[in-house]
2 protein chains.
Amino acid sequence: MEKRRADTIAEQLEELIFDGTYADGDRLDEVRLAEQFGVSRTPLREAFQRLALSGLLELIPRRGAFVRQPGPVELLEMFEVMAELEAVCGRLAALRISDAALAELRDANEHCQQAVAARDVDAYYSENERFHRIIYQQSGNSFLAQEAAKLHKRLQPYRRQQLRFRGRMGQSMSEHEQIVRALEAGDAEAATDALRNHVAVQGEKFHQLMATLKNAAE
Amino acid sequence: MEKRRADTIAEQLEELIFDGTYADGDRLDEVRLAEQFGVSRTPLREAFQRLALSGLLELIPRRGAFVRQPGPVELLEMFEVMAELEAVCGRLAALRISDAALAELRDANEHCQQAVAARDVDAYYSENERFHRIIYQQSGNSFLAQEAAKLHKRLQPYRRQQLRFRGRMGQSMSEHEQIVRALEAGDAEAATDALRNHVAVQGEKFHQLMATLKNAAE
DNA sequence: CGAGCTATTATTGTATACAAACCTGTTGAC
DNA sequence: GTCAACAGGTTTGTATACAATAATAGCTCG
């Protein structure tokens with residue numbers, strides 16, 4: 001499936017918003033961005049619409065497009081929903097997961113461990129994403145998997161920051177072990193709790209997230 | 001907040017897709033619809049994008065916009081997710097709900113009962129929606145409430161059809177009673193189960209939903 | 001000197017014009 | 001006779017031109 005210009009522009013803009021090039025409340029200038037990307041305003045506006053629907057931009061009629069970074073409250077809310085979605089995926093996956101998927105899960109986990117040993121945050125991050133994505137898919141509900149992946153992606157930058165905190169990778173690993181064991185055993189309740197706990201922002205993770213937000217604001 | 005043309009067009013198209021004017025797989029002709037709405041292709045294409053993002057259309061590059069009605073499998077998946085979202089809302093609301101909201105909930109329920117007595121499907125439907133929306137909001141998580149409301153709206157037409165089945169309104173009512181009792185008692189687990197059961201498509205409801213789909217196809 | 005109004009400017013929303021890709025029907029070759 | 005290639009028309013994607021609305025600055029009046 002080929003892409004149109006508007007697609008790639010949307011992706012690039014998304015990147016620019018995620019990495020903090022544009023801060024919350026900034027207005028995106030159509031004409032400036034258009035010549036920057038070397039296109040006309042039309043595909044740019046299409047990209048705006050797409051980003052607005054996914055929540056990254058707010059389109060105020062006759063005023064323009066404003067970047068809309070979630071504040072602390074909204075972010076906690078999103079993490080809470082993410083935790084619940086993962087918990088549901090885990091519960092369903094515990095009943096529906098295939099042996100092949102379990103093997104893949106273990107494989108992803110081993111790669112995670114290697115990344116931890118090598119202190120390679122990037123590698124850990126990508127294998128971690130693979131780990132979770134497998135669980136989404138093994139829920140046996142592709143609509144659920146899609147929604148979970150969508151929110152996962154949206155929280156990506158914040159999650160990534162959190163992995164940089166001391167000891168987090170190690171703790172996360174042992175939580176993964178727990179999750180795999182619950183899924184292997186087909187224990188829906190244990191999988192639910194393990195995944196919810198793994199994702200939920202509570203205790204020390206709360207302060208880490210707040211610290212991340214303060215850094216991002218600078 | 002005023003609307004632009006594209007907004008009203010998106011709403012009207014949404015309506016036309018929901019009410020079955022356009023069937024699954026139909027291609028929407030830009031020029032024909034443009035002159036039909038009395039606008040140019042530009043705002044129409046904006047509307048297309050919006051509907052594509054919410055899943056009602058599939059935009060195939062260089063091919064056009066095709067309406068994409070969910071099939072039986074996808075529909076069951078969506079209802080499963082809806083059930084889980086409602087269950088989560090219920091669990092959180094059991095802990096966080098205010099007395100005022102409980103009173104509103106009881107009020108909505110009474111109106112529901114009156115509608116059942118009067119065999120007024122439309123009234124029942126609108127009060128039912130109000131009932132659920134209150135629970136979403138009382139989860140104390142506005143992001144969750146928003147997502148739940150979004151999916152609720154998307155499933156609206158199918159839910160509505162189901163209410164027409166014999167005895168469904170009465171059963172639904174007694175389930176509502178159970179939900180309110182659980183929330184009053186602050187019993188998170190009971191609220192979770194009651195709401196999940198209320199929304200889940202299983203048993204007779206499955207056949208009813210399939211029958212609805214067959215009718216819609218004609 | 002300040003406040004309010006007006007005119008100008010800038011920016012968004014919409015229409016139209018143009019370009020590129022796709023579908024289809026016909027023609028020609030094997 | 002069938003398949004493939006090409007031409008014409010159709011349709012989408014993008015650019016540009018135009019219109020309408022909001023921001024701004026300057027001017028006038030109190």
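Every chain is numbered from 1 and lettered A, B, ... according to where its sequence line falls, protein lines coming before strand lines. Side chains are part of it too, since the values below use all heavy atoms of this structure and drop only hydrogens, waters and symmetry mates. These numbers were taken from a predicted model, which means no experiment stands behind them.
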Distance only, no hydrogens: is a donor on one side chain within 3.5 Å (strictly under) of an acceptor on the other, for B/Asn197 and B/Gln202?
->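 The criterion, which ignores hydrogens and geometry beyond distance, is satisfied for B/Gln202 and B/Asn197.
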Can a donor-acceptor pair be found between the side chains of A/Arg159 and A/His152 at a distance below 3.5 Å?
->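 Looking only at side-chain atoms, A/His152 and A/Arg159 do form a donor-acceptor pair, the distance falling under 3.5 Å.
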Just call it for A/Arg27: base, sugar-phosphate, or nothing, with non-hydrogen atoms closer than 4.0 Å on any strand.
->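 Contact class for A/Arg27: sugar-phosphate only.
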Specify the separation, in whole Å, of atom [atom1] of [X] and atom [atom2] of [N].
{"X": "A/Phe48", "N": "C/dT11", "atom1": "CZ", "atom2": "P", "value": "13 Å"}
{"X": "B/Arg45", "N": "D/dT14", "atom1": "CZ", "atom2": "P", "value": "7 Å"}
{"X": "A/Glu46", "N": "D/dA15", "atom1": "CD", "atom2": "C1'", "value": "12 Å"}
{"X": "B/Glu30", "N": "C/dC22", "atom1": "CD", "atom2": "P", "value": "15 Å"}
{"X": "A/Ile60", "N": "D/dT21", "atom1": "CD1", "atom2": "C1'", "value": "15 Å"}
{"X": "B/Leu28", "N": "D/dT10", "atom1": "CG", "atom2": "P", "value": "20 Å"}
{"X": "A/Leu33", "N": "C/dT11", "atom1": "CG", "atom2": "P", "value": "12 Å"}
{"X": "A/Leu44", "N": "D/dT16", "atom1": "CG", "atom2": "P", "value": "14 Å"}

Short N-O contact, A/Arg196 and A/Glu84, less than 4.0 angstrom =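 Here A/Arg196 pairs with A/Glu84 in a salt bridge, since their nearest N and O are under 4.0 Å apart.
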Identify all side-chain donor-acceptor contacts of residues 96-104 of chain A below 3.5 Å with residues at least two apart in sequence or on another chain.
unit_1	atom_1	unit_2	atom_2	d
A/Arg96	NH1	A/Ser139	O	2.7
A/Arg96	NH2	B/Glu80	OE2	3.0
A/Ser98	OG	A/Ala101	N	3.1

Can you tell me which residue pairs pass the ring pair (Phe, Tyr, Trp, His ring centres under 6.0 Å) test with a partner in residues 194-214 of chain A, sequence neighbours excluded?
->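 Every pair satisfying ring pair (Phe, Tyr, Trp, His ring centres under 6.0 Å) with a residue in residues 194-214 of chain A: A/His132-A/His198, A/His176-A/His198.
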Side chain of [X] only, please: which of [options] is the nearest?
{"X": "A/Asp29", "options": "C/dT11, D/dT11, C/dG13", "answer": "C/dT11"}
{"X": "A/Pro43", "options": "D/dA22, C/dC22, D/dA15", "answer": "D/dA15"}
{"X": "B/Arg63", "options": "D/dA20, D/dT14, C/dC22", "answer": "C/dC22"}

Test item: A/Met78 and A/Leu151 side chains (from C-beta on) under 4.5 Å apart, heavy atoms |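 Touching, per the 4.5 Å side-chain cut-off.
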How about A/Phe131 and A/Leu105: do any of their side-chain heavy atoms sit closer than 4.5 Å?
->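 SC-SC contact between A/Phe131 and A/Leu105 confirmed.
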Close residues, residues 34-41 of chain B, relative to DNA chain D [heavy-atom separation under 4.0 Å] |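 Residues of residues 34-41 of chain B that come under 4.0 Å of DNA chain D are, in numerical order, B/Arg41.
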Dump every N/O contact between nucleotides 5-9 of chain D and the protein below 3.5 Å, one line per pair.
none

Would you mind writing out the side-chain donor-acceptor pairs for residues 42-50 of chain A within the sub-3.5 Å range, not counting sequence neighbours?
unit_1	atom_1	unit_2	atom_2	d
A/Arg45	NH1	A/Glu30	OE2	2.8
A/Arg45	NH2	B/Glu46	OE2	3.2
A/Glu46	OE1	B/Gln49	NE2	2.7
A/Glu46	OE2	B/Arg45	NH2	3.2
A/Gln49	OE1	B/Arg50	NH2	3.1
A/Gln49	NE2	B/Glu46	OE1	2.7
A/Arg50	NH1	A/Asp7	OD1	2.2
A/Arg50	NH2	B/Gln49	OE1	3.1

Residues that B/Ser172 engages under side-chain hydrogen bond (donor to acceptor under 3.5 Å, both in side chains), provided they are two or more places apart |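 Scan of B/Ser172 (side-chain hydrogen bond (donor to acceptor under 3.5 Å, both in side chains), adjacent residues dropped) gives B/Tyr124.
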